[in-house]
Amino acid sequence: IKDKLVEYFRTQVRQDPEVPSAVAAIRTLLEFLKRDQTGETILGLRENLTQTIRRLEEADSSVAVSSGGELFLRFISLTSLEHPDLSQCKKVMVERGELFLKKISLSRSKVAKLCHTFIKDGAKILTHSSSRVVLKVLESAAADKKRFTVYVTESQPDSAGRQMADKLQNLNIPVTVVLDAAVGYIMEKVDLVIVGAEGVVESGGIINKIGTYQLAVCSKAHNKPFYVVAESFKFVRLYPLNQQDVPERFKYKADTLKAVEDLAEEHPMIDYTPPSLITLLFTDLGVLTPSAVSDELIKLYL
Amino acid sequence: MPGADKEADLTERIEAFLADLKRGGCGTGPIRGSGETARETTALLRKVTAQARWSSAGDLMEIIRKEGRRMTAAQPSETTVGNMVLRVLKIIREEYARSRGSSEETDQQESLHKLQHFVHLKANVIEAINELLTELDGTTDNIAMQALEHIHSNEVIMTVGRSRTVEAFLKDAARKRKFHVIVAECAPFCQGHEMATNLSKASIETTVIADAAIFAVMSRVNKVIIGTQTVLANGGLRAVNGTHTVALAARHHSTPLIVCAPMFKLSPQFPNEEDTFHKFVSPHEVLPFTEGEILSKVNVHCPVFDYVPPELITLFISNIGGNAPSYIYRLMSELYHPEDHDL
């Protein structure tokens, strides 16, 4: 039954490439909750859900799936489930699950609405790799009749930056792809840097595609604002102090983790950017300074 | 009818206030300080609560929001007006929640529009606004009381232009300690001169310097204490022209920069939009109209405000105590409700 769920998850992602992987994971969990017959007690249900989250993490090792899954679990189970009947409780949990799903589907538009006012007319923006949230922000700014140009880093090893450039060209936004190594060279020309995040950690720092840390250090050296756009389900309960502290299960793709014996030979796919390099974070909870993130995170997880 | 008279009186007062706002704060510096503006706004909002016709908390909030929008449109750079409106809105939400006895956030949105304990709510809101007014009256004294902890004997303090809060702060410290103050004159309005005169009347040794000399003198300064027009949501400042220079010079010499700002100056705005951010006044102060020949060939600007980023600030002293700039987000969430941020 676990394999069927992973299949369901993969179909969700395939059908709608715009949907964040965490949303697809949560839909899968909700489906599981509806179909699950084996849970006899609430604790049993929770156990099953936790195990499903583990299986999904094995399928897609991004941070958002892990944090989204945990937040979903907390949201539906930390309510007063006082009904003596298990099916009643399950119904309440499913209802709350639907509510959670609805809330987070709207989060991307909320973030875009907050952020696009920070893009001024004639601005030159630098972004890293391919992020659907950044795309949405740039879309709203373009819809607001602002004129701006975008530089995208190529972002090896998977050249995700080129896909981003194609999507931006379809929106009629002038875009240039630059080498990852050319970030220092191009930094003097740009006005601001906007990146997405795969995860936002407790310190206010972010976990994102490899190369983000470099970008942040460069923008700090040139005094350019470094903005991060992320939905609130990406807030994760980690506190890395340096690059080594990020858990291995997030650093590499799921297939690599299963196939390879000695991870020291592999190139990591993500890096950690400390909060001192970030100017502001735009989330659906509002515009936050990095020091405000831990407060909001605790409120989410409580 | 007495009711209609009261309403006409209220609208008249509001119109007078708006006209005054439009005129105030231009030319040779602000005609009224921000403290008075805050007090006037709050008193006016109290009158609106007492006299306007409303039947539920939601109605009252709509009325206040409408008046608030008109007031902020009259003078967008005077953020204290908007801040007071947001404080009153938060007060209404709190009183409403207290009278209902619950704190369920999601219910509040719909039920605010229901008819609930109308009479008690009105009295409670007016009482809370009175408390706010008392708080506003005491802000300068509260800040000045903290002066002795920060200023020590034989120190050299630098300040910019004229701020009533900093003046009271320094005068309070001068009663028990001897120190030296250097005032940057802050061209083109040169309010620093007035500040220096007031300080020397309180027997504080004062020196006035030109703005160009700020960096040169900074190596001998122990602390920089400044006032500001607004504190922004990211912990940055919108302060008088020349403050950014002082802040950068202080950072270069690792001199602590202390900002004395009462809580009503805290605004939920972020420094993003340049057009609403800045205020320009007549360039006559920079280049007088008598220099006719040059005027046609040159663009002259006279901006009033400066943006100071939060990294350059060491400490904020407000009427509720001292805080780091990274803590501003917390103070904001206590003063204002996030739903109200966009009036």
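Each chain gets a letter, A, B and so on, in the order its sequence line appears, and its residues count up from 1. Note that the structure is predicted; figures quoted are calculated from it, not measured.
Contact residues of residues 277-288 of chain A toward chain B are A/Leu280, A/Val287 (heavy-atom distance under 4.5 Å). Close approach to chain A, defined as a heavy atom under 4.5 Å from one of its heavy atoms, is seen in B/Ser326, B/Tyr329, B/Arg330 of residues 323-332 of chain B, taken by number. Heavy-atom proximity under 4.5 angstrom to chain B picks out nothing from residues 211-234 of chain A.
The salt bridge (charged side-chain N to carboxylate O under 4.0 Å, His left out) search around A/Arg46 returns none, not counting sequence neighbours.
For B/Tyr307 and B/His244, the ring centers are positioned 6.0 Å apart or more.
In this structure, a donor-acceptor pair under 3.5 Å is present between the side chains of A/His128 and A/Thr153.
Closest of all the heavy-atom pairs between A/Gly97 and A/Phe72 is CA-CE1, 3.6 Å. Across every non-hydrogen atom of B/Thr72 and B/Gly82, the tightest pair is CG2-CA, 3.7 Å.
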Taking it one step at a time, do A/Arg147 and A/Asp121 satisfy salt bridge (Lys or Arg N to Asp or Glu O under 4.0 Å)? CA-CA 5 Å; A/Arg147 285 160 299 177; A/Asp121 223 11; 3.0 Å; yes
Audit row: A/Ile173, A/Phe148, side chain to side chain contact (heavy atoms under 4.5 Å, CB included) steps and yes/no: CA-CA 7 Å; A/Ile173 298 174; A/Phe148 53 92; 3.7 Å; yes
What's the verdict on side chain to side chain contact (heavy atoms under 4.5 Å, CB included) for B/Asn241 and B/Val304, showing C-alpha distance, side-chain angles and the deciding distance? CA-CA 6 Å; B/Asn241 207 351; B/Val304 180; over 6 Å; no
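Salt bridge annotation for B/Glu94-B/Arg98: absent, with no cationic side-chain nitrogen under 4.0 angstrom from a carboxylate oxygen.
When atom types are taken as modelled, the side chain of A/Lys136 and the backbone of A/Ser109 share no donor-acceptor pair closer than 3.5 angstrom.
Within 6.0 Å of NE2 on B/His252 lie no more than 12 heavy atoms contributed by other residues, nucleotides or ligands.
A/Met164 has its side chain within reach of A/Leu135: a pair of non-hydrogen atoms, C-beta onward, lies under 4.5 Å apart.
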